[in-house]
Amino acid sequence: MDRKTIVVMFPYPSGSGLHCGHWYNYAIMDSYCRYQRFIGYDVFQPFGYDAFGLPAENYAKKIGRDPKEVTYENIDKFKIQMDGMNTMYETMLVTCDESYQKLTQDLFLRLLNKGLAYKAYGEQDYCSSCETILAREQARDGKCDRCGTKTTKKSLLQWYFKITDYKDRLIRNLDKIDYPKSTINAQRAWLENLHDWCVSRQRKWGCPIPIEGETDTLDTFVDSSFYFITYQQMKGMKPNPIDLYVGGSEHACMHLIYARFITMFLYDEGVIDFEEPFRKVIHQGMILKDGQKMSKSKGNVVNLDGYDSDEIRFYLMFIGHYFDGGSWSDQSINGIRRFVNKMKEWMSRTGEETIDIGKFKKQIFDYTDSFKFNKVVSSFMILLNENKNKNLTEECKSEIIDLLSIYMPNFKVKLGYKKHEHLNEN
Ligand SMILES: [Zn+2]
């Protein structure tokens, strides 16, 4: 069986838990993975946590606690919420685990040995509130991206990775990678003005720089620059480029360029035999509320408690093309609930009639291949509306139920099947 490795950008486990955007990324891609399995692929679907970072450290400081404790508590909460999403991801790593820190430090030392990590004075944007220097992109319009404080310039001795040595290759390869056009353009523009990557941070909650006497930690973008390779190594697989990598378009530059750079470096080191990490990259759209970005300060965050996980998943699929996202409406998700109930009623009747499932299957699979999950949902709705008066044979019904279970993994449970019959994969 051919293997496909499908990776979603791992979350930062913030204290506020899973939000709509996580669901949109992870639940829908889980259905995409189930579809790939359905058509015969052996799908590897790993998951992890990008656990170091300023928000946890600032929060822990504020409440007088240890950031490590707070982070692992948050991860436990995330895990429970992920269970409720009913996905097939395998949780493989947490970047603040000792074992992963060791890998991050090994990477640093490898770069150091090749002269690609060096220390130099540099003028940096500094946030006095966060008490750290910021990457160029984290100090937009002279303000700290995290807290909004006006940044000042500070000349400090910092560690750098010599990404500029890879500039030509990073640009040249843009012609042969399958990324969204807007991301290719953004990378090209970003690489017109490339500086060496400043990787040291004057923070406590990060991976320590493995040099004697150093108290600085590494930029969390170092942690996330190779985790997709580690997933495969942990599974005992020979690392391959990721078949599909899915995450927000806000990562068009920094993360995706750093991941490409580190992959090229590991290729040069002979650790792996490919120099581009991702065969294909896509960005899911954004889920809005009343046309606006959801945020706590606006008080317009959708509370997903009380909705069934299948209903949330199916509704998010329905909201628009996967690359476009759309606007959440409480009314429309109730429409999905009515669809589920009608579907259950239809599937509870048996008779002698049949419908052409082959044609329907081809149609929804074409839509799935092109990430038009909204069309998949409407196809199911049309199928129901046009045929609900027919009493179908057991065989015909079971084909429909199997197909619907790709997009609504708990549907069989709703019909009264036992959980383990449905979760045969685990
Ligand atoms: Zn700040």
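Every number for a ligand or one of its atoms is a count from 1 in the order of the listing.
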Could you enumerate the protein N, O or S atoms under 2.8 Å from the Zn ion (ligand 1), written like residue then atom name?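 Within the sphere that stays under 2.8 Å of the Zn ion (ligand 1), the protein atoms of type N, O or S are Cys127 SG, Cys130 SG, Cys144 SG, Cys147 SG.
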I need the single residue from Phe47, Phe78, Tyr49 that forms a ring-ring contact (aromatic ring centres under 6.0 Å, His included) with Tyr89. Which is it?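 That would be Phe47; it is the only one of Phe47, Phe78, Tyr49 passing the ring-ring contact (aromatic ring centres under 6.0 Å, His included) with Tyr89.
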Checking Thr183 against His283: is there a side-chain donor and acceptor pair closer than 3.5 Å? yes
Under a 3.5 Å cutoff, is there a donor and acceptor pairing between the side chains of Tyr166 and Asp268?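 Judged by distance alone, the side chains do pair up.
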Is the number of heavy atoms from other residues, nucleotides or ligands under 6.0 Å of Lys293 NZ greater than 12?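 Atom NZ in Lys293 is not crowded, with 12 or fewer foreign heavy atoms closer than 6.0 Å.
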Please say whether more than 12 non-hydrogen atoms of neighbouring residues, nucleotides or ligands are located less than 6.0 Å from CG in Asp141.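 No, the 6.0 Å shell around CG holds no more than 12 heavy atoms from other groups.
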Hey, can you pull the donor-acceptor pairs under 3.5 Å for the side chains in residues 101-110, sequence neighbours left out?
from	atom 1	to	atom 2	distance (Å)
Gln101	NE2	Cys96	O	3.0
Lys102	NZ	Asp106	OD1	3.4
Lys102	NZ	Asp106	OD2	3.4
Thr104	OG1	Tyr100	O	3.0
Gln105	NE2	Pro208	O	2.8
Arg110	NH1	Glu269	OE1	2.7

